[in-house]
Trainee: 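Before I ask anything, let me first share the structure, which is written out below as C-alpha cells.
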Amino acid sequence: MISTVALFWALCVVCVVNMARYFSSLRTLLCVLRDCDPLLYQYVDGGGFFTSHGQPSKQIRLVRYIFAQRYNEHHDPEFIRRCQRVRGQFVLTSSLCGLVVISLVAMAIWY
C-alpha cells in the first residue's frame, strides 16, 4: 500500500518542478517580448520583472494579458506560441498548487 505522506511529498515535488518550468518559460517569453514588441515589454516592466524592485501592478498586467488571450492579435507567431505555452503552464501549476493545498488540508483532518 502506498503511504499518503509519500504521495503528498511526490505531489509537492511535481508542483515545484512545474513552477520552475513556468518561471523559465516566463523568462523566455520576456526575452522574446523584448525583441518583438519593446513597447509592451516596457508596459509590463520586462526589465524589472524578476527583480526585488519589480512593480507587482505591471506584473499582473502581463498575467491578465496572457490569461485574457489578447496575444492572439499579435503579429509574431513565436510570441503567440510562447504565450500559449506560458498560459498552459500557469493553469497546470495553479491546479497543482490547489491540489497540494487540498491534500494538505485532507491530511490534517485525516491524521
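Scope of the values below: all heavy atoms of this structure, side chains included, with no hydrogens, waters or symmetry mates. Computed from a predicted structure; not experimentally measured.
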Trainee: Is it true that Leu96 and Val91 fall in one hydrophobic cluster, defined by side-chain heavy atoms closer than 4.5 Å?
Mentor: no
Trainee: Taking side chain as C-beta onward, heavy atoms only, is Val5 less than 4.5 Å from Trp9?
Mentor: yes
Trainee: Is there a chain of hydrophobic side chains (I, L, V, M, F, W, Y, each step under 4.5 Å between heavy atoms) that links Trp110 to Leu11?
Mentor: yes
Trainee: Would a 4.5 Å heavy-atom cut-off, applied to side chains only, mark Gln84 and Asn72 as touching?
Mentor: yes
Trainee: Parallel, tilted or perpendicular for Phe90 and Tyr22, by the 30°/60° rule?
Mentor: tilted
Trainee: In the hydrophobic clustering that connects Ile, Leu, Val, Met, Phe, Trp and Tyr at side-chain heavy-atom distances below 4.5 Å, which members other than Val105 occupy its cluster, ordered by chain and number?
Mentor: Ile109
Trainee: Please determine whether side chain to side chain contact (heavy atoms under 4.5 Å, CB included) holds for the pair Val44 and Gln59, giving the CA-CA distance in whole Å, both sets of side-chain angles, and the decisive distance to 0.1 Å.
Mentor: CA-CA 6 Å; Val44 298; Gln59 294 168 351; over 6 Å; no
Trainee: Over all heavy atoms of both residues, which pair between Leu40 and Leu33 is shortest? Give the atoms and the distance, please.
Mentor: CD2-CD1, 3.5 Å
Trainee: For a quick test of reading the model, state the closest non-hydrogen atom pair linking Ile66 to Cys83 and the distance between them.
Mentor: CG2-O, 3.9 Å
Trainee: Say you draw a straight line from CD of Gln69 to CD of Glu73; how long is it, rounded to the nearest 0.5 Å?
Mentor: 10.0 Å
Trainee: With a 4.5 Å cut-off on side-chain heavy-atom distances among I, L, V, M, F, W and Y, is there a chain of contacts connecting Leu29 to Phe23?
Mentor: yes
Trainee: Ile80, Tyr43: one ILVMFWY side-chain cluster at the under-4.5 Å cut-off?
Mentor: yes
Trainee: Is a donor on one side and an acceptor on the other found under 3.5 Å between the side chain of Thr51 and the backbone of Gly47?
Mentor: no
Trainee: Arg34 versus Pro38: any side-chain heavy-atom pair under 4.5 Å?
Mentor: no
Trainee: Do Leu92 and Val14 share a hydrophobic cluster, counting only Ile, Leu, Val, Met, Phe, Trp and Tyr and linking them when any side-chain heavy atoms are less than 4.5 Å apart?
Mentor: yes
Trainee: Taking all non-hydrogen atoms of both residues into account, name the closest pair between Arg61 and Arg70 and its distance.
Mentor: O-NH2, 4.4 Å
Trainee: Which atom names give the shortest non-hydrogen contact between Phe50 and Leu26, and what distance separates them?
Mentor: CZ-CD2, 3.8 Å
Trainee: For Ser25 and Arg85, work out which heavy atoms get closest and say how close.
Mentor: OG-NE, 3.3 Å
Trainee: I need the Ile102 CD1 to Cys97 SG distance, nearest 0.5 Å.
Mentor: 11.5 Å
Trainee: Check Met107 against Phe8 and note the closest heavy-atom contact, atom names and distance.
Mentor: SD-CB, 3.4 Å
Trainee: Side chains of Asp37 and Asp76: does their closest heavy-atom pair fall under 4.5 Å?
Mentor: no
Trainee: Please test Arg64 against Ile60 for side chain to side chain contact (heavy atoms under 4.5 Å, CB included), starting from the C-alpha separation and ending with a verdict.
Mentor: CA-CA 6 Å; Arg64 287 184 185 152; Ile60 291 174; 3.7 Å; yes
Trainee: Can you tell if the side chain of Phe49 reaches within under 4.5 Å of the side chain of Arg27, non-hydrogen atoms only?
Mentor: no
Trainee: Evaluate the side-chain proximity of Tyr71 to Arg87: yes if any heavy-atom separation is below 4.5 Å, no if none is.
Mentor: yes
